[in-house]
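Contents: one structure, followed by commentary.
The figures that follow rest on heavy atoms only: side chains count, while hydrogens, waters and symmetry mates do not. In what follows, chains are A, B, ... by sequence order, proteins preceding strands, each numbered from 1.
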Amino acid sequence: MIKKIGLAIVAPVVAFTFAVGVAVLALLAVGVNPIEAFGLMWDFASTPTSVASIINRSVPLYVAAVAVAIGFQMKLFNIGVEGQYLVAALFAGWVGGSIVLWAPFHVLVVVLVAAGVGALWAGVAGLLKVTRGVNEVVATIMLNFIGFSVIGFFLGNFFSVDSGALNQSTPPLPPSAQIPGLNWIFTLFGFAEPRGTELQGFVIIAILIGIGYHLLVWKTRFGFELRASGMNPGAARMAGVNPKKMILYTMLISGGIAGMVGLSTMLGKLHAFTQDFPRGLGFAGIAVALLGRNNAIGMALGALLFGFMERSALILDLNDIPKEVVQIIQGVVVLSVVIAYEVVARIVKNREIKTASDATQASTAGPQEVTA
Amino acid sequence: MRSELKRRGRFLALLFVFALVAAACGNGGDETTATTEASTAETTTTTTEASTAETTTTTTEAPKPGEGVKVGMAYDIGGRGDKSFNDSAAAGLDRAVAELGVDATELEPTAGGEDREENLRLLAEDGNDVIFGIGFAFADSIAAAAADFPDTNFAIIDSVVDAPNVASLVFAEHEGSALVGAAAALKTQTNTIGFIGGVAGLGLIEKFQAGYEFGAKQVNPDVEILVQYLTEFPDFAGFNDPAKGKEAALAMYEAGADVVYHAAGGSGAGLFEAAKETSENTGSKVWAIGVDSDQYNTVGEEVREYILTSMLKRVDVAVFSTTENFVLHGQQSGIVVFNLEVDGVGYSTSGGFIDDITDQLEELRLKIISGELEVPSE
Amino acid sequence: MTAKITSLGAGLMERTGRMSSARKYALLFILGLFVLSLVQLIAGTKQLTAPGTWGAALRLTVPIMLAALGGLYSERSGVINIGLEGMMIAGTWFGAWAGWQYGPWAGIAFGLIGGALFGLIHAIATVTFAVDQIVSGVAINILAAGSMRFLSSALYTADTGGGATQSPRIQGFIGTFNVPLVSEWLGALSDRGWFFISDVAGIGAGMTTRVSWFTLLALVLIPATWWLLWRTVWGLRLRSAGENPWAAESLGVPVLRMKYWGVVISGALAGMGGSYLVVVQAGIYREGMTAGRGFIGLGAMIFGNYSPFGLLAGSGIFGYSDALRLRQDSVHAILLLLAIGLMMFGTYSLFKRNYQGSATQGVFAMLFFIWWFTTDDVPGQIVTATPYIVTLLVLTIASQRLRFPAADGVKYRRGEAH
Amino acid sequence: MNERQRVVELVDITKTFPGVLANDNAHLSVGLAEIHAVVGENGAGKSTLVKILYGMQTPDSGTVRVKGKDVHFRSPKDAIRSGIGMVHQHFMLADNLTVLENIILGAEPTRGIALDLRGARDKILSLCDQYGMKLDPDVLVEELSIGERQRIEIMKVLYRGATILILDEPTAVLVPQEVDDLFVSLRELQAEGVTIIFISHKLDEVLTISDAITVMRAGRTVASVKPGDITARDLAELMVGSDLPTPDTTVSTVTDVVELRIVGLTSLHTDGRVAIEDITFDIHRGEIVGIAGVEGNGQPQLVDTILGVRDAVAGALHLAGKDISGFDTKMRRDEGIGIIPEDRHRQGLLLDSPLWENAMLGHQSKKPFARGIWVDRTGARDITREIVERFDVRTPGVDVNAVALSGGNQQKLIVGKELILDPSVLIAAHPTRGIDVGAQAAVWEELRQARREGMAILLISADLEELIGLSDTLLVLFDGRIVAKLDPADVTPKTLGSHMTGVAVEEEAL
């Protein structure tokens, strides 16, 4: 067991080391001292402000990763998180800004609308898959593009308020629909309060989503059926799991979580869906899910790693070091992590079989062949 | 075992290729630096000569007034080298460094631009005295940062932020566009001109369009104006898709337009390609009009001769004069409009293609400055 | 039942890449042209069949088509390639760099190499290490975008006339040509304004006038690919790796090597698509200039049922609708086109005794017609979304008829029986 | 005897797999241009023997002689070089390639760098002509029937110049008309000098087509006969063996209460062919109903349809008097139907999950595995520990992944987890397949015990000893239908063999 866990940790460590190695090469090639660069990054990232900023960055990445991971659990690829969260944020922002409600309920309504719209948007792909056999990867890619048009159409024609500025946006969320920041946590633990960056309160909801995800996948019947259909569809069917239902439910849940990706920024900072609402979180979320191997904690670490790299990249720029090097690290680490996992998984499996067959040699009809 | 080795070999080869590529880049950069430095130096001097006749007199003494003043600049997406908006700001900064002796620190956002506010704060914490946010997207960020750093002077381009330590530098793009519109309408042989906008639905680009149409109609009421936007919000690709820019331009030239003006950021490159291609294919010259900076000087030499003029949005002037004012007078705030009157917007004459009509353009310019004509902004 | 529903879209698709059903598709094509001229007549526009529109459509089609073609090689060899976008990005960057240094033809070559490099990474991950193919593709996209930005910031300094997001202009141009006689003759004919005949001539003229040599090269790749995949030993073996690698292995086909070929060529073609954007259209590299064309190419390939001619049709839909959108006053007619298209589809369904489907299609046709009749303009976003919606619709209607390579996406390891 | 020249001789072949003696001094001797049938029950060692000939397996001892020369094939390639070709039961064809492409793949004729399609087509057509086979080289394989696909496989072999053809159960997948066509083709091949070795257990066909028959049982060659010298019944007896196991002498526990009643159950293959037809029988409490039959006669389809994994097109199911025909799989499982699936790996286990999760599979909504919507981790692990103990699953703990267990222990886990919650009906499909003798005995004992406690059990097995030893009633499944109901106490090898091989049906029809 310990060996197994050890090997599971070896994979990301090796991959990350490799990625850093590539980055070192890249830095050396442009004449930068890598040690100095990494030193700067580390120093900069360890201030309270940076910590708050890193967490703020990692929260939407984490939520997006969870959305992707839930699909991964049954080998279902929701590549449309990007479109789902943007469409969801638009409608949630519009609804939230258009109604007046008592504080916690207002936030709740916004969250529910976002989750609902995200689920519907993803559900289209799920429905097409179970009824018409349309591959979900292609369907969600198409839905991403269609979603962008939907946003432009609605924001441009219906939802936008004339704020005087050039930036079109949905009506601003009243204070009752905003989530207050959490900077007091820093002072509570005796650290300096972050300057200018408000630790977004949505982080708590993100943690809840993470816990919920973990519980759902590992502690509930549904999660068990989900994983079973991912691991062995044949066995799952024999166990009474309806594959079509699972696909649809999984897509809905994944889309629902995806719908909440943009909320941390919207409820904690922008207070509206604006035309420069953050993009690309869906795709980055896929990377984080891969990095964290669909594990609730692992993905949190992955998201923090991405947040750390993006935040600390700022200091590189200030020191005239090409900050794009962090993007290389991100790309290489994702690719090498998946390769490392694949290799390690194979080693672990073969070793497990070997030890077991050694132990029970006497009473077996031969070791089981691996046909994964 | 052998296949294992082969596999490993392949992987190493890949790594090697990567290293080579990276190394090649490093070398390439160095080589080209030397050769092109001279040419950029030239262009900067020409632009400064053209535009700073009134303002430069005070700042040529030996001990530069801005020694010790730190200026920070946070670019918008695209950053230095975008051959457009950001580059214009950079030119202003370079000039301030050269003439005022200030220290400059520059930051660029990530591709998505989410870190604008953090860049501002970083610059503030870094001890910069004046910090520029280049672009309207900085509005919220500057408002927030300015509140936290009351002793730092901020400046935003293209938007208005109401705070005691923020200078809002806005441009009358519609006025500048009116002049190039007039130039287009005067130069057209076919009585048809065109306008290509990058992204529709933002409001910003529509301002350019309105001015352009107004100016054209002023000098030639019968002129036909074709309008085409490349994408609609939220698809920002329209600012970055030269392929689509080119096709839209080709369509306009084909439809009879012989002068086309763009406000499409990076997609404008496609317009210039289209102008060249159409001119060469049809044998009759068609024109393109650049935007923001003097694009005659920033595009490749092959397409230079098709750039009739450019609508200058003197972000460089705004950056420089704001810096200079800070150096000389301290804290700056309030709205500063850079219009025709203060040469904040204008048109370029590089290439000498509009020398024959500058009189008429000047006449129109004076009318606008005097208030005789009011250019609509939407 | 539902499986019996056939569609125009599906009809456009080559089932197998064989040319045997060419006549049927030619017939469909002519029918489509007729509808186009009819719509044009009713809507009172000239753009639908204008030579310029079709010329633009051709140029806008090519990069998508090259990406789709790249997808074809990869998926035919049994490897899903969602990294096309990243490979295309690499193509734009490398194409611009070499174009700047050595001229446009070198740009094409380097675009190809840049794409192939990322194809190779994808191959190593998926074929050698048997990593999930979609996972690897996603990672490729991230890696390509990041490393190209890094290279830009390192190499396109302000002094060179570029920047972190933009390259200097490439040197020189790739020439264009007119198809002798045909171009002029068709051009003259298209000016006559004769119903249908001039329209067809206009389309022909658009595609034979001022065609870039690179465009020609790209178009030649379609029949060349068909020939390569369906008429050579190499092609047969490549396809067998994607259909039944175990059978292929049992007959001595080096399956892994074929997959490597497929994926690397896939990257090369996507990279070539990227270099087309640079060399023929933009003259520069600009970050984000691929604008999702790799993903669109993937959609076009699936739309085209994994055949070279089918994916040409799929890419053409995207290219044509883009071209229409970039030209004035032609967009509104799309509504009428949709109405009439759906009407014909509905009639076909009626003929096939699919009354429910026919009724739905009829209702939608009426709605589009009313929309067209009562408005003068359509929101641009709807036009932008049209090709994606059409692709999704075609997949919905015809996905059971689509013929995926049977072992596409399957992890294959040597010696592991099915 | 008018001996033909011996082209294939396998002498004293012995081959063991871990725990299994597949071939025990087996013999095979085939003459030139002979159609030679190898018959035997499931697991008699036929496949292993021909795989040795084809180079897919190497024998532990014994001699392989082809055309009079001793050979040592290390891979099928060697065999192909010696002119031996094999057509597997599961075709190795690429559906989306044409017939021609499938045939020439790997041995393509070229003209320059292009495929010489015309040359290939000519060669295939001339081969077709020569051997009297009909094939259109230019259609896609996916459009073809099973029989045509088989012809492609044969053509693939002939194209590569084989003169000795091995067919592994060629008729198992064919409809009667296709069987006739195949036989015509085989005769043509024979006339052209091709030697054919084919494996079968359909005795009528064997008697129709073959020139010589080798009968195998339990890894041994038990007889080499000529079809003219033997009747189908005698052949069936040779196959099944004369010493049928005696049924268990324990008292019958069969009660009068019908637990599962199946009426007229019919379901289809995905391609629309009938898989099982009009299946009707009852299982009483305390009864084991055994399904005998050669594989490929609808056993897995019957299991799937009873479980609701496959939709029935007709028929009804009553569980303890309750109509469960409209229930989905989950509801049927919850109603108390347990299943020991045929294929442990594909249908029974989550190899990369711990044992306790495997035990939960199929019980995921039942106590003590679940509490409400939650998985009851403690409960599940406790009961898994109980399973491990009671059913003697050898494992370091319940948290190890299933993949780590040996086949026998995996099977014991499956049997245990199905029995532990006392289902009212248990479907046991090949419950002892591929496990060692010790585990086998343990599983049998558990089934008997469950029967004693009143469980209704449907036992499907290819192992006659198991079937006769355990069953109270024996049903014979042939071609998707139940063709006989026998009493294991007085069943004879002859009757069982003739029912299983379809001989009895033929005779009745006559």
* **Under 4.5 Å from any heavy atom of chain D - which part of Trp234(C)** => neither
* **Proximal component of Val253(C), with respect to chain D [non-hydrogen, under 4.5 Å]** => side chain
* To do: For Leu238(C) and Leu228(C), run side-chain contact (heavy atoms from CB on, under 4.5 Å): C-alpha distance rounded to whole Å, both residues' side-chain angles, the deciding distance at 0.1 Å, then the answer.
  => CA-CA 10 Å; Leu238(C) 185 105; Leu228(C) 206 58; over 6 Å; no
* **Validation row: Val263(C), Ile265(C) side chains within 4.5 angstrom (heavy atoms)** => no
* Do the ring planes of Trp246(C) and Tyr412(C) sit parallel (below 30°), tilted (30 to 60°) or perpendicular (above 60°)? -> perpendicular
* Structure fact -> Scored by heavy-atom pairs under 4.5 Å with chain D, the best of Pro245(C), Pro405(C), Ala247(C) is Ala247(C)
* Side chain from CB out, backbone as N, CA, C, O: work out which of these in Ser240(C) comes under 4.5 Å of a heavy atom of chain D, or both, or neither. => both
* To do: Would you please say whether a donor-acceptor pair under 3.5 Å links the side chains of Ser266(C) and Asn81(C)?
  => yes
* Is chain C contacted by the side chain of Ile80(D), its backbone, both, or neither, given a heavy-atom distance below 4.5 Å? -> neither
* To do: Kindly write out the residues that satisfy salt bridge (charged side-chain N to carboxylate O under 4.0 Å, His left out) with Arg237(C), not counting sequence neighbours, or none if the list is empty.
  => Glu108(D)
* Asked: Is a side-chain donor-acceptor pair under 3.5 Å present for Tyr260(C) with Ser77(C)?
  -> no
* Asked: Given that the side chain runs from C-beta out, which part of Arg160(D) has a heavy atom under 4.5 Å from chain C: side chain, backbone, both or neither?
  -> side chain
* **Interchain contact, Ala407(C) with chain D, by part (heavy-atom threshold 4.5 Å)** => neither
* Asked: Of the backbone (N, CA, C, O) and the side chain (C-beta and beyond), which part of Leu105(D) lies under 4.5 Å from a heavy atom of chain C, both, or neither?
  -> both
